[in-house]
> 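Mind having a look at this structure? Questions to follow.
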Amino acid sequence: MVVFQMVWKVIGKNKIPTLIQELNKEYEVFTPVKKENLVFFERVSSGNEAFLDFQNTKKSPKEVFFPQTEILFTYEINKQGVEIEKAPVLKRDIVLLGIRPCDAKGFLLLDKFFSSGEYKDLYYLEKRRNTTIIGLACNRPLSTCFCTSMGGAPFGKEGMDLLLQDINDKYLIETVTERGEKLIKKLPWLKDAENGDIDKVRSLSRNVEKAIKSKVSVEGVSKKLDGMFDNKQWDLIHEKCLGCGVCTYLCPTCCCFDILDEATTKWKRVRIWDSCQFSCFTLQGSGYNPRPSGKERMRQRIMHKFNYFPKNYGENFCVGCGRCVQECPVNFDIREVVEAISTDIWREKDE
Amino acid sequence: MNNPYIPNPTVIRRITTENDANDIKTFELVFTDPEALKNFRYRCGQFAEISVFGAGECPIGIASSPTDQGYIQFTVKKVGVVTTALHNSEEGTIIGVRGPFGNGFPLEAMEGRNVVIIGGGFAFTTLRSLTNFILHKTNRDRFKDLTVIYGARNPGELIYKYDLKTWGQRDDIDLNVTIDQAVPGWTGLVGFVPAVVKEVAPSSDNAIAIICGPPIMIKFTMPVVSELGFSPDETFLSLEMRMKCGIGKCGRCNIGNKFVCKDGPVFTFKELQMMPKEH
Ligand SMILES: Cc1cc2nc3c(=O)[nH]c(=O)nc-3n(C[C@H](O)[C@H](O)[C@H](O)COP(=O)(O)OP(=O)(O)OC[C@H]3O[C@@H](n4cnc5c(N)ncnc54)[C@H](O)[C@@H]3O)c2cc1C
Ligand code: SF4
Ligand code: SF4
Ligand code: SF4
Ligand code: FES
């Protein structure tokens with residue numbers, strides 16, 4: 001463990017544009033932006049674009065490191081043959097500002113996945129390793145937020161380098177890592193926080209945490225799912241699902257992708273987000289599909305999040321951000337599924 | 001660190017049409033960069049991601065044997081965008097290759113043992129690699145009796161006829177080639193693979209079985225193989241799933257918590273019995 005001075009700074013809300021402006025000189029700065037009623041993360045070039053007054057962003061920040069479409073390399077086919085040009089992954093270091101604690105936790109899970117095994121995913125890791133995360137604690141959780149059930153908290157610091165905590169017209173900035181401290185040192189104009197303010201956020205954090213009413217008993221679910229692959233409930237729960245894939249696209253941890261070639265002026269090999277909720281995801285050339293219906297595809301999503309991933313990495317692959325619940329067009333609620341498994345309702349119904 | 005998504009360029013040196021329907025061809029590729037050739041050290045049963053530039057990429061089993069020096073071969077059936085583009089390519093075309101990927105066949109476990117190879121349809125490609133590897137003069141002594149059972153719909157659909165011919169002339173391989181239904185002029189075995197396995201009844205004594213074929217063939221062959229006494233942990237199956245990245249990242253080829261591309265494609269029957277039935 002590196003020991004460093006835990007510092008608390010303070011910044012007026014009206015100074016956020018100035019902060020971003022200054023960071024912009026050295027970093028690629030990504031913040032939430034509001035466009036057409038959507039809040040999502042984008043590279044900003046001026047301080048005024050940042051939009052921090054949201055409950056949670058509709059799209060998760062995963063696209064900063066794992067874009068919906070990403071060029072793996074470009075190539076040209078000419079008389080000499082084929083010339084491959086590697087895509088530059090990173091122009092400058094990144095500052096990612098304004099992500100919620102659940103999403104920061106999501107990155108820790110993605111880190112595990114993309115850095116595991118014999119082959120590392122350099123496209124994700126390059127960007128991720130060179131990023132400073134300035135998180136934003138939640139004062140107004142949504143009714144669908146269940147981070148506290150998934151080991152997180154509305155003021156959680158896990159995965160953050162710095163954490164902004166909102167008290168009225170200013171943010172307290174808590175330093176969480178050495179990387180965060182380094183960034184703070186580049187901003188000497190930030191004022192020190194006062195003890196009174198620190199006490200204020202501490203009590204705020206407790207109150208907000210208590211205000212999260214959505215609870216799911218997730219303990220033991222992973223183990224229970226071991227014997228539930230053939231449970232009859234899978235036949236029922238998928239029925240209303242349209243297979244639209246929204247739940248996986250918006251999820252901060254879902255990271256399945258397809259690879260294809262596209263031509264513009266040059267050929268590009270790109271990877272694009274994909275989803276296990278689509279029937280063609282596993283369709284084979286012979287016409288055979290090991291996941292032929294919504295049943296198998298829904299089971300894959302639940303199993304991956306609460307059984308397969310925990311088996312491989314020791315943690316659930318869900319951080320309780322609630323996006324899949326909030327945005328599902330047919331109100332499919334993953335919390336209900338987890339709860340039913342946890343309380344043995346599935347097992348009993350199957351008997 | 002190497003970027004596993006970047007293919008190495010190779011050139012198509014030779015194209016062989018394998019079947020009467022003319023939709024299965026073998027492509028012989030040579031690396032343009034000697035360094036890339038050196039790095040492409042593979043085992044029988046592994047696969048590679050093949051790039052047809054201007055079309056895309058797809059996983060294909062390696063059909064040549066590591067004993068084949070200086071080139072690699074892939075036998076490809078025309079089914080969609082990439083495989084059609086490959087079929088339309090001519091000798092001299094640049095093709096990208098990344099890999100080798102997957103675990104491959106358990107060669108170490110097979111040493112000193114009798115080997116029974118069972119294959120159906122055009123999935124025979126990596127089994128052909130294995131057969132040629134075992135039959136190679138530098139390897140033949142390391143393995144005991146070799147039995148190969150291979151079936152296709154009709155004689156015109158049998159691939160590697162040139163290999164089947166050479167193998168048939170050797171006395172150190174028990175070769176059993178079958179077609180689904182009798183046709184005039186065919187003097188070999190007739191019947192589906194499971195029935196022929198039963199008929200040939202290879203002994204399971206000190207033996208390992210290696211099986212690859214369409215799901216329906218596997219389904220009906222497994223009971224026969226078990227009945228012959230092959231234990232589940234000495235029966236190996238090579239699976240096919242839809243794949244894209246080949247390295248355990250794109251997320252589409254999992255069976256339970258295993259990824260067929262990196263934890264497979266070869267699994268023991270015992271392992272498969274413990275995995276969810278979703279392949
Ligand atoms: C480990 C492994 C080894 C293989 N070895 C061989 C081989 O030796 N010879 C051979 O001819 N084929 C092999 N295949 C199958 C081959 O990968 C597919 O036929 C090929 O990807 C189809 O690509 P396409 O672009 O031509 O088809 P597309 O235009 O993409 O699709 C045509 C059809 O093929 C299906 N498909 C697409 N991609 C795949 C895929 N990766 N796997 C299975 N089905 C797919 C689609 O769902 C669609 O139904 C292997 C597959 C795997 C996973
Ligand atoms: S968002 Fe809802 S309808 Fe769409 S795939 Fe997910 S569960 Fe199904
Ligand atoms: S599964 Fe749903 S609640 Fe869990 S992290 Fe993904 S989107 Fe959020
Ligand atoms: S739930 Fe589905 S889309 Fe999401 S990561 Fe798992 S397999 Fe991929
Ligand atoms: S092919 Fe991508 S995970 Fe297996």
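Below, each value reflects all heavy atoms present in this structure, side chains not excepted, and no hydrogens, waters or symmetry copies. Every chain is numbered from 1 and lettered A, B, ... according to where its sequence line falls, protein lines coming before strand lines.
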> Relative to A:Phe113, does B:Lys249 satisfy both conditions: NZ or CZ under 6.0 angstrom from the six-membered ring centre, and within 45 degrees of the ring's axis?
yes
> Name the region of A:Asp274, side chain, backbone, both or neither, that has any atom closer than 4.5 Å to a heavy atom of chain B.
side chain
> Please output the residues of residues 290-298 of chain A in contact with chain B, using a heavy-atom cutoff of under 4.5 Å, in numerical order.
A:Pro290, A:Arg291, A:Glu296
> For B:Glu108 and B:Arg43, run salt bridge (Lys or Arg N to Asp or Glu O under 4.0 Å): C-alpha distance rounded to whole Å, both residues' side-chain angles, the deciding distance at 0.1 Å, then the answer.
CA-CA 11 Å; B:Glu108 294 77 14; B:Arg43 298 162 61 92; 3.2 Å; yes
> Return the orientation label for the B:Phe124 and B:Tyr150 ring planes: parallel under 30°, perpendicular over 60°, tilted otherwise.
parallel
> Do B:Gln73 and B:Arg128 meet the criterion of a side-chain donor-acceptor pair at a distance under 3.5 Å?
yes
> Could you tell me which portion of B:Thr93 (side chain, backbone, both or neither) has an atom closer than 4.5 angstrom to a non-hydrogen atom of chain A?
neither
> Looking at A:Tyr313, does the NZ or CZ of A:Lys112 lie under 6.0 angstrom from its six-membered ring centre and within 45 degrees of the ring axis?
no
> Can you confirm if the aromatic rings of B:Phe236 and B:Phe267 lie within a centre distance of less than 6.0 Å?
no
> Taking the ring of B:Tyr42 and the ring of B:Phe40, is the distance between their centroids below 6.0 Å?
yes
> At a heavy-atom separation under 4.5 Å, does A:Ile259 approach chain B through its side chain, its backbone, both, or neither?
both
> Flag the pair B:Ile117 / B:Ile149 as yes when at least one side-chain heavy-atom distance between them is below 4.5 Å, and no otherwise.
no
> For chain B, which of A:Gln300, A:Arg299, A:Arg271, A:Glu118 has the most heavy-atom pairs under 4.5 Å?
A:Gln300
> Examine whether an atom of B:Cys253 lies under 4.5 Å from a heavy atom of chain A, and if so say whether it belongs to the side chain, the backbone or both; otherwise answer neither.
neither
> Ignoring hydrogens and angles, write down the donor-acceptor pairs under 3.5 Å from the side chains of residues 246-254 of chain A, residues two or more places apart or on other chains.
{"unit_1": "A:Thr248", "atom_1": "OG1", "unit_2": "A:Gly245", "atom_2": "O", "d": "2.8"}
{"unit_1": "A:Thr248", "atom_1": "OG1", "unit_2": "A:Ser275", "atom_2": "OG", "d": "2.7"}
{"unit_1": "A:Tyr249", "atom_1": "OH", "unit_2": "A:Trp273", "atom_2": "O", "d": "3.2"}
{"unit_1": "A:Thr253", "atom_1": "OG1", "unit_2": "A:Lys305", "atom_2": "NZ", "d": "2.9"}
{"unit_1": "A:Thr253", "atom_1": "OG1", "unit_2": "A:Phe317", "atom_2": "O", "d": "2.9"}

> Heavy-atom cut-off 4.5 Å, strictly under: side chain, backbone, both or neither for A:Tyr124 against chain B?
neither
> Using non-hydrogen atoms and a 4.5 Å limit, figure out which bit of B:Lys77 sits close to chain A: side chain, backbone, both or neither.
neither
> Looking only at side chains, do A:Glu83 and A:Asn78 share a donor and an acceptor under 3.5 Å apart?
yes
> Answer with side chain, backbone, both or neither: which region of A:Ile84 has an atom nearer than 4.5 Å to a non-hydrogen atom of chain B?
side chain
> Let me know if A:Phe257 has heavy atoms under 4.5 Å from chain B in its side chain, its backbone, both or neither.
both
> Considering only heavy atoms and a distance below 4.5 Å, find which of A:Asp230, A:Asp121, A:Asn289, A:Leu260 pairs most often with chain B.
A:Asp121
> Under a 4.5 Å heavy-atom cut-off, does chain B meet the side chain of A:Tyr123, its backbone, both or neither?
side chain
> With a 4.5 angstrom heavy-atom cut-off, could you sort out which part of A:Tyr288 is near chain B: side chain, backbone, both or neither?
side chain
> Give, as side chain, backbone, both or neither, the part of A:Thr282 having an atom under 4.5 angstrom from any heavy atom of chain B.
both
> For A:Tyr119 and B:Asn2, which I'm curious about, is there any donor-acceptor pair between the side chains at under 3.5 Å?
no
